[in-house]
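For reference, the structure discussed in these notes is given below.
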Amino acid sequence: MMPLKISVRSVLPAHESGDLMVIGVPAPGSASKKNSNSSLNGLTGLDDIDSALGGALGRLLKKEEFTGKKDQQVSLSTLGRLTADRLLLIGLGDMGKAGPGDVRTFAAKASRAANADKAKRLVLGVPKGFEGHLREVVEGLEMGGYRFTKYLTGDRKPKSELAQVTICLEGALPTDAAARVSMGQTVAAGVNLSRDLSNEPPNVLYPETFARAAQVTAKAAGLKVQVFDFKEIQKRGMSLLQAVGQGSEHKPTMVHFSHIPAGSSVNRKCLVFVGKGVTFDSGGLSIKPAAGMGEMKHDMSGAANIVGLMSIVGRLKPNVEVHGIFAAAENMPDGNAYRPGDVWGSLDGKTVEIINTDAEGRLILADALAYARALKPDLLVDNATLTGACVVALGNSCSGWYASNEATADEFQSAIKASGEQMWRLPFLDELKDQLKSDSADIKHTGDRWGGSISAALFLREFIGDVANWVHCDIAGPAMGDRVRGWDPKGGTGHGVLTFLDLIERAARDAGGSASGVLPAGAKRAVKPRAAKAPRGASKARR
Ligand code: BES
Ligand code: MN
Ligand code: ZN
């Protein structure tokens, strides 16, 4: 998908031309609508349009009982009386209650409507109060227009794609509008990249090709990247990654992106993100039922998020150290596949008894986490399509997360709020730890069926060593959309990237750096005093 050509003006939409006009309409009486003197039941900005249509709009809104309630929509043909062929009004509800996610969803609906209408040029009317969310408007436009059409040919190939948007702000044009637009486009491109990778079929995207895609991304984004092949994985002692991956013709790989800002590293924060990259999860010898097995091509969504996130980081160049790591493997049954009953070592050193080869994600993550902890992160975050149990608990639209301490949980919760993604905290219930006791090894990798997401998290906790601040995010539900939802498409969603990015932006703001285009000039904060710490280069594990 090409980036949209976006212009932003503080004008009424009726004065702009395009193929489709979409206008966001707040509910009357909502924050921005007080003192309205419009004739259209308090809906400002529509008077010009209504008179151009000879009063037809007002009559239609009355008939349809359109009042700007959230998610209400009215669409009509303008019969050539306006500069656009079609007009779509989208209710925004109470503007006082609208968050970043609502703004993104509104803009995403506009993009989707444009694509459905085969409109190439969109005029988007953005009500007063949303101009501060210009970045989210742009994110929504770019993410809502996402379609995975790479493998469609002939009639199935979409003939038209939204290309140009004029954003008409009812409020004043922010002075840094251009920076916000560019930020929104960079972020959305990263999320869309994550979706593309997640949607790739498993005969095309497997550990080697995934690593190659990561290298291409790193080059384009100006990031350092290391790729470990099967030999290197064995040499380094990542035996769990080896175990999971060795039953496939496509041997496992491991990828490590780094963004290390220039200048002194003393007192600079280091954030490390880790992802599960199972390019296809057949279950292995503990094979999955046939129904729905194809969905397991998305089982590398956590790793795809790392690629998307790092592509953004490479472009924003935040003033914090950021690493992105993923382990990639294909989980297949084969003469060389690992088995239930096996005992394997790990990069950490602990031995693990294999119970069910379908619980492969936690195994490859265990080695990836043990690798990541050598970077001595101030914050370690992993994300994985880890358990069906988490989908049972929270459904298809919400991920589950676990934090190693309350301060880290607070930080993560703030990032969730800022991003608008749906994530719900789950508890590390220590009493479930007994389920991981093994007779033949230090630990086994699965517990009971009940509380399956928690026992998986408890297993991972065994591999984080002395990392104090860790968040584990089980994205099994929302990573693979069963339908269009908010700004997300059906299929790969990139769920998680926005929250992880917010954590990075937060750390960069705290460091007082020129983190990202979103920081208004003069908003730099003083560097917070931090406890003295050895320079990062001092650690031998650091590359
Ligand atoms: N990739 C699956 C988890 C999953 C399930 C993701 C549904 C998305 C949708 C994972 O590898 C898996 O198979 N987990 C098992 C673990 C069990 C064998 C302990 C599960 O959740 O059933
Ligand atoms: Mn599995
Ligand atoms: Zn899996």
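Small disclaimer: the values here were computed from a predicted structure and weren't measured. Reckoned from all heavy atoms, side chains included, excluding hydrogens, waters and symmetry mates.
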Pairs of donor and acceptor atoms involving the side chains of residues 450-457, under 3.5 Å and at least two apart or interchain, shall be tabulated with distances.
from	atom 1	to	atom 2	distance (Å)
Ser453	OG	Tyr402	OH	2.7
Ser455	OG	Gly451	O	3.4
Ser455	OG	Gly452	O	3.4

Report all side-chain donor-acceptor pairs from residues 182-190 shorter than 3.5 Å, counting only partners two or more places apart or in another chain.
from	atom 1	to	atom 2	distance (Å)
Gln185	NE2	Leu4	O	2.9
Gln185	NE2	Glu142	OE2	2.7
Thr186	OG1	Ser182	O	2.9

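Remark: Asp442 pairs with no residue by the salt bridge (charged side-chain N to carboxylate O under 4.0 Å, His left out) rule, at least two apart or across chains. Partners of Gln246 by side-chain contact (heavy atoms from CB on, under 4.5 Å), not counting sequence neighbours, listed by chain and number: Phe230, Gln242, Asn336, Trp344. Residues satisfying the salt bridge (charged side-chain N to carboxylate O under 4.0 Å, His left out) test with Glu406, not counting sequence neighbours, are Arg425.
Rounded to the nearest 0.5 angstrom, Tyr206 OH and Glu330 CD are separated by 10.0 Å. One distance of note links CD of Glu411 with CZ of Arg506; it measures 7.5 Å at 0.5 Å rounding. Met423 CE to Ile416 CD1: the interatomic distance, rounded to the nearest 0.5 Å, is 6.0 Å. With rounding to the nearest 0.5 angstrom, the OG1 atom of Thr217 is 13.0 Å from the CZ atom of Arg212. Taking OG from Ser414 and CG from Leu503, the interatomic distance works out to 9.0 Å, rounded to the nearest 0.5 Å.
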Next item on the list: Please assess Thr387 against Asp474 for the test side-chain hydrogen bond (donor to acceptor under 3.5 Å, both in side chains), listing each intermediate value before the final yes or no.
Entry: CA-CA 7 Å; Thr387 66; Asp474 193 334; 2.7 Å; yes

Would you please test Met296 and Thr385 for side-chain contact (heavy atoms from CB on, under 4.5 Å) and show each step?
CA-CA 9 Å; Met296 286 301 127; Thr385 49; over 6 Å; no

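Taking the centre of each ring, His256 and Phe228 stay at or above the 6.0 Å mark.
The stretch residues 481-511 participates, sequence neighbours left out, in these ring-ring contact (aromatic ring centres under 6.0 Å, His included) pairs: Phe273-Phe500.
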